[in-house]
Protein chains: 2
Amino acid sequence: MATRTDAPTRREQILKEAARLFAERGFHGVGVDEIGAAVGISGPGLYRHFAGKDAMLAELLVGISGQLLTGAKRRLQEADGVPAATVLDSLIEGHIDFALDDRPLITLHDRELDRLRDTDRKLVRQLQRQYVELWVEVVRTVYPGLTEPTARSAVHSVFGLLNSTPHLGRPGSLPGRAGTAALLHRMARGAFAAAGA
Amino acid sequence: MATRTDAPTRREQILKEAARLFAERGFHGVGVDEIGAAVGISGPGLYRHFAGKDAMLAELLVGISGQLLTGAKRRLQEADGVPAATVLDSLIEGHIDFALDDRPLITLHDRELDRLRDTDRKLVRQLQRQYVELWVEVVRTVYPGLTEPTARSAVHSVFGLLNSTPHLGRPGSLPGRAGTAALLHRMARGAFAAAGA
DNA sequence: CCATCAGGTTAACGACCGCTAACCTCCCTG
DNA sequence: CAGGGAGGTTAGCGGTCGTTAACCTGATGG
């Protein structure tokens, strides 16, 4: 967990604000002038940092998918010899952290994929598919009774459960971050267990 | 279950195609010409049936929320004296039926709410809130250990799980409709049980 | 000390989009 | 057999949006 201490670059500011706005009002519902205004510059100034509005969305979505996949691979690698159920817990924990800390990105991730150019969309889909398959393998190790299509459906459903964080009331709702994370974790485990029965 | 046998009206055709297109490409990503073309008329002909593009979305979202709430109320009413766990099963079953049979509507339901005019949005939110509160009451009866905020979070999360149907591969993926419904039902029950522990 | 360049600015263009206007054509009914 | 309304059509207006062009400015390094 190499925490950043230096100030965010302008590019990063733009991406962050664009993610928030895209998540709030949809890709087509946000104008470049608004994105510019959100970082204190106005409209066409953005073109000094990005080739266009599409490029911002592409960078966001590729970044998310890559980050999720990289984190999951790292977790699998670190867990060598530990029980598969523990590995699954680690995957769940990682996904929850992401869903709680980057809600706009989680929202974009499954909502604006179709606004991408063909080449970018294929890349994102490939990263997403790898991420899913990695989960499916672990789940099937823990619950050998599951067929592969059933396991895949179960994984997608649990993603739906974990990605519900944007609907869970604004941060500072009652259970607090730790409580929410624990609740989601329990429910995900319970859902998988029920699927495997 | 009063099954319709008569042909759909033009209004209904338009709503159905609009729902599909909105779900696929987002409200702002679809033009009125496309919606018209999808039902064989072109562009401004739609204005013989709807006041505008906004009105189509409003009617769709109000219809969805109302239908979900009405169905849930009916299920609660029919179940008098039966155990709360059975009532919860009935709610889950109803939601799954809707999620499996009207995927585009489920997608719209939590995605395009913010594109509505203030008055319509408030109405839809009120219907949604009633629906959630109804679930929360039943869930807390089955699992009395849950605080109200925790139960509400659990309900939202299970909605996320059930509403994942659009990601579950196109209809005709392997487990078939009945198998998918059964899987989702088991997982929802397992998730609630884990939340209540 | 001047050249360069990163990073802004405003003006404006072209495309698109929602919607209205004006008109046409059946079909039904008195 | 008028005639009127339901349900289409095409043309076009007004506004918005993404993008480009042209220009400006302050820091930086040889």
Side-chain angles (χ1 to χ4, degrees), chain A residues 6-62 104 108 111-121, chain B residues 6-62 104 108 111-121:
Chain A
D6 48 336
T9 69
R10 171 90 343 149
R11 264 184 77 90
E12 289 168 335
Q13 285 180 46
I14 295 171
L15 284 176
K16 184 183 165 193
E17 294 302 310
R20 185 179 55 80
L21 289 167
F22 289 161
E24 277 175 15
R25 301 214 283 284
F27 179 67
H28 292 298
V30 180
V32 291
D33 289 354
E34 300 177 75
I35 302 173
V39 297
I41 72 183
S42 243
L46 296 170
Y47 287 75
R48 298 286 166 194
H49 304 275
F50 294 94
K53 202 179 147 192
D54 299 351
M56 299 181 208
L57 182 65
E59 188 157 329
L60 282 171
L61 292 186
V62 172
L108 287 185
R111 190 168 296 197
E112 307 286 353
L113 180 60
D114 298 319
R115 280 59 160 177
L116 253 46
R117 284 173 29 234
D118 259 38
T119 159
D120 291 322
R121 190 172 56 246
Chain B
D6 49 336
T9 70
R10 172 102 324 165
R11 265 184 76 89
E12 290 168 335
Q13 285 180 47
I14 294 171
L15 283 175
K16 183 182 166 193
E17 294 302 310
R20 186 180 54 81
L21 289 167
F22 289 160
E24 277 175 13
R25 301 213 284 284
F27 179 68
H28 293 297
V30 181
V32 290
D33 289 354
E34 299 178 74
I35 302 173
V39 297
I41 72 182
S42 243
L46 296 171
Y47 288 77
R48 298 286 166 195
H49 304 274
F50 294 94
K53 201 180 147 192
D54 300 351
M56 299 180 208
L57 182 64
E59 188 157 330
L60 283 170
L61 292 187
V62 172
L108 286 186
R111 190 167 297 196
E112 306 286 354
L113 180 59
D114 298 320
R115 279 60 161 176
L116 252 47
R117 284 173 29 235
D118 260 37
T119 161
D120 292 321
R121 190 172 56 246

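The sequence lines fix the lettering, A, B, ..., with proteins before strands; numbering per chain opens at 1.
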Q | Stepwise side chain to side chain contact (heavy atoms under 4.5 Å, CB included) check, B/E24 with A/D114 | A | CA-CA 8 Å; B/E24 277 175 13; A/D114 298 319; 5.9 Å; no
Q.
Before you tell me yes or no, could you show the steps for B/I41 and B/R10 under side chain to side chain contact (heavy atoms under 4.5 Å, CB included), namely the whole-Å CA-CA distance, both residues' side-chain angles and the distance that decides it to 0.1 Å?
A. CA-CA 10 Å; B/I41 72 182; B/R10 172 102 324 165; 3.0 Å; yes
Q.
Check whether B/E12 reaches the backbone of B/T9 with its side chain - one donor and one acceptor, N or O, closer than 3.5 Å.
A.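 The answer is yes, because a donor-acceptor pair under 3.5 Å joins these two groups.
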**Q.** Backbone of A/H49 reached by a side-chain donor or acceptor of A/R11 within 3.5 Å
**A.**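 Indeed, once roles are kept as given, a pair shorter than 3.5 Å links the two residues.
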Measure from [atom1] on [X] to [atom2] on [N] and round the result to the nearest Å.
X     : N      : atom1 : atom2 : value
B/K53 : C/dC19 : NZ    : C1'   : 12 Å
B/I41 : C/dC26 : CD1   : P     : 17 Å
A/R10 : C/dT9  : CZ    : P     : 9 Å
A/R11 : C/dA6  : CZ    : C1'   : 14 Å
A/D33 : D/dT19 : CG    : C1'   : 11 Å
A/E12 : C/dG7  : CD    : P     : 13 Å
B/F27 : C/dC17 : CZ    : P     : 13 Å
B/R48 : C/dA22 : CZ    : C1'   : 10 Å

Name the nucleic acid region contacted by [X], choosing base, sugar-phosphate or nothing; use a 4.0 angstrom heavy-atom cut-off, strictly under.
X     : result
B/G52 : sugar-phosphate
B/V39 : nothing
A/G31 : sugar-phosphate

Q | Among C/dG7, C/dA21, D/dT19, the nucleotide that comes nearest once only the side chain of A/H49 is considered | A |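 For A/H49, the side-chain atoms sit closest to C/dG7.
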Q) What nucleotide among C/dG18, D/dT20, D/dT10 has an atom nearest to a side-chain atom of B/V32? A)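 My answer, after comparing the listed nucleotides, is C/dG18.
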**Q.** Contact nearer the 5' end of DNA chain D, comparing B/P44 with A/D54
**A.**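 Final value for this comparison: B/P44.
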Q: Quick one: do A/L108 and A/F27 satisfy side chain to side chain contact (heavy atoms under 4.5 Å, CB included)? Show the steps, please.
A: CA-CA 9 Å; A/L108 287 185; A/F27 179 67; over 6 Å; no
